[in-house]
Protein chains: 2
Amino acid sequence: MAEKRRKVGNPLALAVLAEMVIEPMHPYEMGRRLQEHGKDRSIKYNRSSLYMVVEQLVKAGFIAERETVRDTQRPERTVYAITDAGRAELYDWMRELVAEPKQEFPQFGVALSLLAVLSPEEAVTLLQRRLTALTAQLDEVTGLITESTDRGLAWIFLVEEEYRRVMLDAERRLVTDIVQSLQQPEYVRQWHEVMGRHT
Amino acid sequence: MAEKRRKVGNPLALAVLAEMVIEPMHPYEMGRRLQEHGKDRSIKYNRSSLYMVVEQLVKAGFIAERETVRDTQRPERTVYAITDAGRAELYDWMRELVAEPKQEFPQFGVALSLLAVLSPEEAVTLLQRRLTALTAQLDEVTGLITESTDRGLAWIFLVEEEYRRVMLDAERRLVTDIVQSLQQPEYVRQWHEVMGRHT
DNA sequence: AGGGGAATAGTTGATGCTGACTAGTCGGCT
DNA sequence: AGCCGACTAGTCAGCATCAACTATTCCCCT
């Protein structure tokens, strides 16, 4: 119920645990799979963070070193396996993430909360640029979804892209509405009135 | 056009610059205003980060120490003022934030991309819990918006709450849809089929 | 047979962030 | 006249992050 502070908080750690539930693995391999399955579109992936996170997971007792292989060629690879504590952490963390929405701070929210520093006219121009970009992103995601569905990829693996699509669509609608409002003299008058004090 | 790496990247720095465009100020005061105007709902605020960010802004030449006041009582306060470079940075940064959507990694996206580690039945239960929480948050935001509008607060100061409302609403719809899908045997069958290999 | 690019695998330094702590002051209650 | 809690204001140690770097091997082209 209450939210605990995770010993390892980086979402990449969650992905690592999820990979290791399937089979023991060395870090580089985890990264490779993450990218291969496009998980890096939803989880910020960075190789150095990966090694960091693996180290932290070991310290926390969620994974353990299994063996160090050097198969005649290639650099040395350390293979890790998930522990019982790690499995417990994975499920507990997943449950929390799914069931409890957490306050986040999207960049665009920051921009909107300070929108008043710009002039209404400039805001309109900039928001229209955003609209173009959003439309492009929407097309990209929609394309990816249709293409994957056609290739017979199971629905469960596309739900995160569907999420992205829905959020992009909602944002696009909102931006369109704001642009509309900013073109009505009534709103612009109010803006200038409020901002009159400074600048 | 191209995105530069900001010398100071913390969004709190942007809020600081925006406050200082109005008048010179000491850090604590900036923090107080941020909270007073509810900007801390959109911008992650933390006192220690604030002092950090001010230091960074000084180093980058975006703000400058103006005077150190000790008015007989209270601890020493250092007042800072924005520089021309700072003003330029503020506008440039705002333009980028408004016009160019940036890839972010919301927690729920992470959860969805790994949803398959849970059982469909548990996923449904958890998503229903999320639904309740989302509805509560929606009510809160909607309440805040109506109340503020009634008090005559200008529309421009509520646009960030409107953004939050729209996003929450879209997420709620999506979660509802997912729950619906997960209750159709066809989808559950597919899930088990795909997951059959491991676990 | 050798040179260059891509892939494999991992390390490190420099910087950023924040929870926990310090420390003075005001006001009010008793 | 003394104590408590809230507010004001700032500092700091420790952990997290990531761009850039190192180093080895594979394999294709000429």
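Quick note on labels: first sequence line is chain A, next is B, and so on, each numbered from 1. The structure displayed is predicted, hence computed values, not measured ones.
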Parallel, tilted or perpendicular for B/W191 and A/W155, by the 30°/60° rule?
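Ring orientation, 0 to 90° scale: tilted.
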Separation of C/dG10 C1' from A/Y80 OH (nearest whole Å)
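In whole Å, C/dG10 C1' and A/Y80 OH are 10 Å from each other.
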May I ask you to list the residues of residues 26-42 of chain A, by number, that have any heavy atom positioned under 4.0 Å from an atom of DNA chain D?
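When residues 26-42 of chain A is checked for heavy atoms under 4.0 Å from DNA chain D, there are no hits whatsoever.
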Side-chain heavy atoms under 4.5 angstrom apart, residues restricted to Ile, Leu, Val, Met, Phe, Trp, Tyr: same cluster for A/L34 and B/V117?
yes
Suppose we screen for salt bridge (charged side-chain N to carboxylate O under 4.0 Å, His left out). Which residues come up paired with B/E122, at least two apart in sequence or across chains?
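Expected list: A/R95.
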Would you call [X]-[Y] a salt bridge at under 4.0 Å N-O?
X: A/E96; Y: A/R6; result: yes
X: B/R173; Y: B/D169; result: yes
X: A/R41; Y: A/E161; result: yes
X: A/R130; Y: A/E171; result: yes

Can you spot which of B/H37, B/E29, B/E36 makes a side chain to side chain donor-acceptor pair (under 3.5 Å) with B/R33?
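Only one option passes, and that is B/E29.
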List the protein contact pattern of nucleotides 11-21 of chain C with one symbol per nucleotide (5' to 3'): B for base contact, S for sugar-phosphate-only contact, - for none; contact means a heavy-atom distance under 4.0 Å.
BB----BBBB-
